[in-house]
Amino acid sequence: MTDAAELTRLTRELLAAHPPADTDRLDFLKARFDAGLAWVHYPEGLGGLGAPRALQVVVDAELQAAGAPDNDPRRIGIGLGMAAPTILGFGTEEQKRKFLRPLWVGEEVWCQLFSEPGAGSDLAALGTRAVRSEGGDWIVNGQKVWTSSAHLARWAILIARTDPDLPKHKGITYFLCDMTDPGVEVRPLRQVTGEAEFNEVFLTDVRIPDAHRLGEVGDGWRVAQTTLNNERVAIGGMRIPREGGMIGPVAETWRERPELRTHDLHQRLLKLWVEAEVARLTGERTRQQLVAGQPGPEGSGLKLSFARLNQEISGLEVELLGEEGLLYEDWTMRRPELVDFVGRDAGYRYLRSKGNSIEGGTSEVLLNIVAERVLGLPSEPRTDKDVAWKDLAR
Amino acid sequence: MSTQPDLLYSEEEDALRAAVRDLLADRCDPAGVIARVESDTPHDIPLWKALTEGMGLAGLLVPEELDGQGATHREVAVVLEELGRAVAPVPYLTSAVVATEALLECGADDLLSRLASGTTIGALAVSLSVPAGSAYSVVRFEDGGLHGELTGIADASVADVLLVPADDGGLYAVEAAAATVTPQVSLDLTRPVAKVVLDGAPGHLLGDAEPAVRRALRAGAGLLASEQLGLAEWTLTETVRYLKERKQFNRPVGGFQALKHRLAQLWLEVVNLRAAARNAADALANGADAEVAVAVAQAYAAPVAVHAAEEALQLHGGIGMTWEHPVHLYLKRAKADSIAYGTAGAHREALAELVDLRAP
Ligand SMILES: Cc1cc2nc3c(=O)[nH]c(=O)nc-3n(C[C@H](O)[C@H](O)[C@H](O)COP(=O)(O)OP(=O)(O)OC[C@H]3O[C@@H](n4cnc5c(N)ncnc54)[C@H](O)[C@@H]3O)c2cc1C
């Protein structure tokens, strides 16, 4: 059993063997992975020690205090948050060994080839086809859309239809797709902020070896549930201080620039400040529940709360700025490496936060999930459950 | 604020909750509450005795050497959640929290012991609508007696002792028998307010009124959030249950998305309210960050409780509008609670000062 004291000891050992000051960043991260201190709850040999997840904080605090480099989790968020738990859950030993280390150290960025022009909220309706060739490889054809970071990614998690004669949830298979393979074409898709953070991805006769299939043929929907569930809980884990979110910059502006204040804005600001503080406490409470080993459904609400708050707060901030709110920092089409709310102006925050209620499942769809899975209310009548995918109306 | 608040319930707190909930399930069903509030004695004194003499709950905040339980606001909050869930007509918040906190500030040991045992019910004679730190009405102290009229005093009609602030800055204990207490027709039938008239009543000086009243009202506001949480939870749970059963258009109405989204939204608010209420209770127990925690909880709690009760009435349709259905008890309590110990707006104003977000 690996306890907190043991983790502290191992972390200090790592720091002593690889002093951060004169160790190359990547070398340090690799050594950390190999010591099992990357994600302590992962199995030994795969960056972890099979320790309780809650003890990660012990390692992180020790490393942070020593000024150790980190793996820039925001840049590799899709790999860390979604690909990794899915590979861990469904991958072969070989897949786990091949993918997890470069993923965690950040050498290899991942993207998620799920959404399609015709399949967003109704993801299981997807039409990208994977057909098995005589040699056993899969030949993939189709189009994906809104793929964040596809332009940076080395690998993708991909779901494709392998049997159109079955109902839509059944004939899907999950793959790991090499983004450098011939036939993968990434085209920037410009968004409301002016930047191209996501992409269209065209797949033309892309050849994926069967060794890069994740899970059984036809079991892709179940595998994808792991990815999607992890996507939705990813936000809850963070511990932020009071005013740590988007409310921070507005509150600062309010304090520093009394000339901008109006009574109407004051009322709205206070209301949002309270809601942001309460949402923060809910996040903290959810985290404490996880640590105590009593996870509740509260996490499903966090994304909903933060999406709405980010939008309302940044909207208020643009108004507060008055004439300055008429300006925007830069409309050139850039290809950002990550979504940076903190370092950017109010106008950008306002526009980018509109995506918070769409990406990773829209707020409407999440409300359905809360109503059905948490409150146990009846689901919508369905007309597509027992119909072969190929016979569905499109 | 260096340490993190503990926002969970301990095992002891869960056990306490279970005990209180069991008792209330037996002794305080909605039909009984409706029948009682229509009578001349809206307060449920047998229930009060079961909670206090039976379970010792009036003394949670009182140290053991004064015959209390030496517990904290965290446990009190759990009791209040359950009382809110049952809209129980007992003077718990007013006597075991607000009056008790005032006496703790004054160091009034004898009276504290009496309140802790539950044999004596106390009421702070400050209008229920006053938030901590605001001006409140006082009576005249003249020729060794108290003179004047105070209104909006919650649970005064059932109190044995009134804690009365006077114009000399003192807080006086007045036996209720020496005052004229007249029930006012109250919006909230389960926590009615009354008028108190003093005509030369003798008072026993307890100490300075200002710090005692401030402390009492702050604790009242902070823990009221837990009562509001219990209330909101009950209305949500009942509404979800009803909408799963109730069929119209050949479907359970709870299957219609317009309603599902409203209920999911309400659930989110209740989840948030739980975190805010736990935070306030924990902060009051530990003394750290209490002013901000209480203001945040009260600025958030009242609109949520009212929203929950209003949604419950609407989504029950015609039956929700009837006197027989208990939802009206909850609506009235929620709306009165939204004024009690300061409105959400008053708490936001307080917050503006506390966190340096000043008005124009
Ligand atoms: C910034 C950003 C980044 C993204 N990154 C990725 C990525 O990296 N990889 C990836 O695969 N995808 C990505 N997406 C796609 C995202 O997951 C989808 O946009 C999302 O699931 C919604 O699908 P849609 O856009 O097709 O909308 P639709 O499903 O067409 O929805 C249209 C509207 O109808 C509503 N609606 C749909 N179904 C229901 C229902 N049952 N009940 C009520 N309302 C409903 C929706 O809420 C929405 O308002 C990203 C999106 C954004 C905005």
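A note on names: the letters A, B, ... follow the listed sequences, proteins ahead of strands, and every chain is numbered from 1. All values below were derived from every heavy atom in this structure, side-chain atoms included, with hydrogens, water molecules and symmetry-related copies excluded. Bear in mind that the values here come from a model prediction, so they are computed numbers and not experimental data.
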Query - Atom pair CG/CD of B:L7 and A:Q289 - distance to nearest 0.5 Å - result: 9.5 Å
Query raised in the report: Can you tell me if CG on A:D264 sees more than 12 non-hydrogen neighbours from other groups inside 6.0 Å?
Result: yes
Query raised in the report: Is atom CD of A:Q294 surrounded by more than 12 heavy atoms (other residues, nucleotides or ligands) closer than 6.0 Å?
Result: yes
Query raised in the report: Where on B:R241 is there a heavy atom nearer than 4.5 Å to chain A: the side chain, the backbone, both, or neither?
Result: neither
Query raised in the report: Relative to chain A, which of B:V271, B:N272, B:L236 shows the most heavy atom pairs under 4.5 Å?
Result: B:N272
Report task. Apply side-chain contact (heavy atoms from CB on, under 4.5 Å) to B:V292 and A:R242, showing your working. Result -> CA-CA 11 Å; B:V292 172; A:R242 183 172 287 164; 3.5 Å; yes
Report task. State whether the side chain of A:Q288 and the backbone N or O of B:P5 hold a donor-acceptor pair below 3.5 Å, judged by distance alone. Result -> yes
Query - Interchain contact, A:L265 with chain B, by part (heavy-atom threshold 4.5 Å) - result: neither
Query raised in the report: Should the heavy atoms of other residues, nucleotides or ligands under 6.0 Å from CD of A:Q64 be counted, would the total exceed 12?
Result: no
Query raised in the report: Quick check: are there more than 12 heavy atoms from other residues, nucleotides or ligands sitting under 6.0 Å from CD of B:E11?
Result: no
**Report entry** Heavy atoms of other groups near A:Y350 OH, more than 12 under 6.0 Å
**Finding:** no
Query raised in the report: Do B:L268 and A:V370 come close enough that some side-chain heavy atom pair is under 4.5 Å?
Result: no
Query - Interface residue of largest heavy-atom contact number with chain B, from A:R261, A:R285, A:E372, under 4.5 Å - result: A:R285
Query - Nearest non-hydrogen partners of B:R358 and A:H266, listed with the distance - result: C-NE2, 3.4 Å
Query raised in the report: So which of B:K244, B:R278, B:H261, B:R348 has the biggest tally of heavy-atom pairs under 4.5 Å with chain A?
Result: B:H261
Query raised in the report: Under the 3.5 angstrom rule, does the side chain of B:W267 hit a backbone N or O of A:E298 as a donor-acceptor pair?
Result: no
Requested in this report: Drop me the distance from B:K260's NZ to A:I369's CD1, to the nearest 0.5 angstrom.
Outcome: 10.5 Å
**Report entry** Neighbour count >12 (heavy atoms, 6.0 Å) for atom NZ, A:K354
**Finding:** yes
Query raised in the report: If every non-hydrogen atom of A:A371 is compared with every non-hydrogen atom of B:A264, which pair is closest and at what distance?
Result: N-CB, 4.2 Å
Report summary line: When rounded to the nearest 0.5 Å, the distance separating CG of B:D282 from CG of A:L281 is 10.5 Å
Query raised in the report: What's the shortest heavy-atom distance between A:P381 and B:R251, and which atoms?
Result: CD-NH2, 3.5 Å
Query raised in the report: Could you give the distance from CD (A:E277) to CG (B:N279), rounded to the nearest 0.5 Å?
Result: 6.5 Å
Query raised in the report: Should A:W273 and B:V296 count as side-chain neighbours, where that means a heavy-atom distance under 4.5 Å?
Result: yes
Requested in this report: Specify which of B:L8, B:D6, B:V240, B:L263 makes the most heavy-atom pairs with chain A at under 4.5 Å.
Outcome: B:L8
Query raised in the report: Can you tell me how far the CG atom of A:L304 sits from the CD atom of B:Q265, to the nearest 0.5 Å?
Result: 7.5 Å
Query raised in the report: Given a strict heavy-atom distance threshold of 4.5 Å, which part of A:E364 is in contact with chain B: side chain, backbone, both, or neither?
Result: both
Report summary line: Okay, A:P241 and chain B: the region with an atom under 4.5 Å from a heavy atom over there is neither
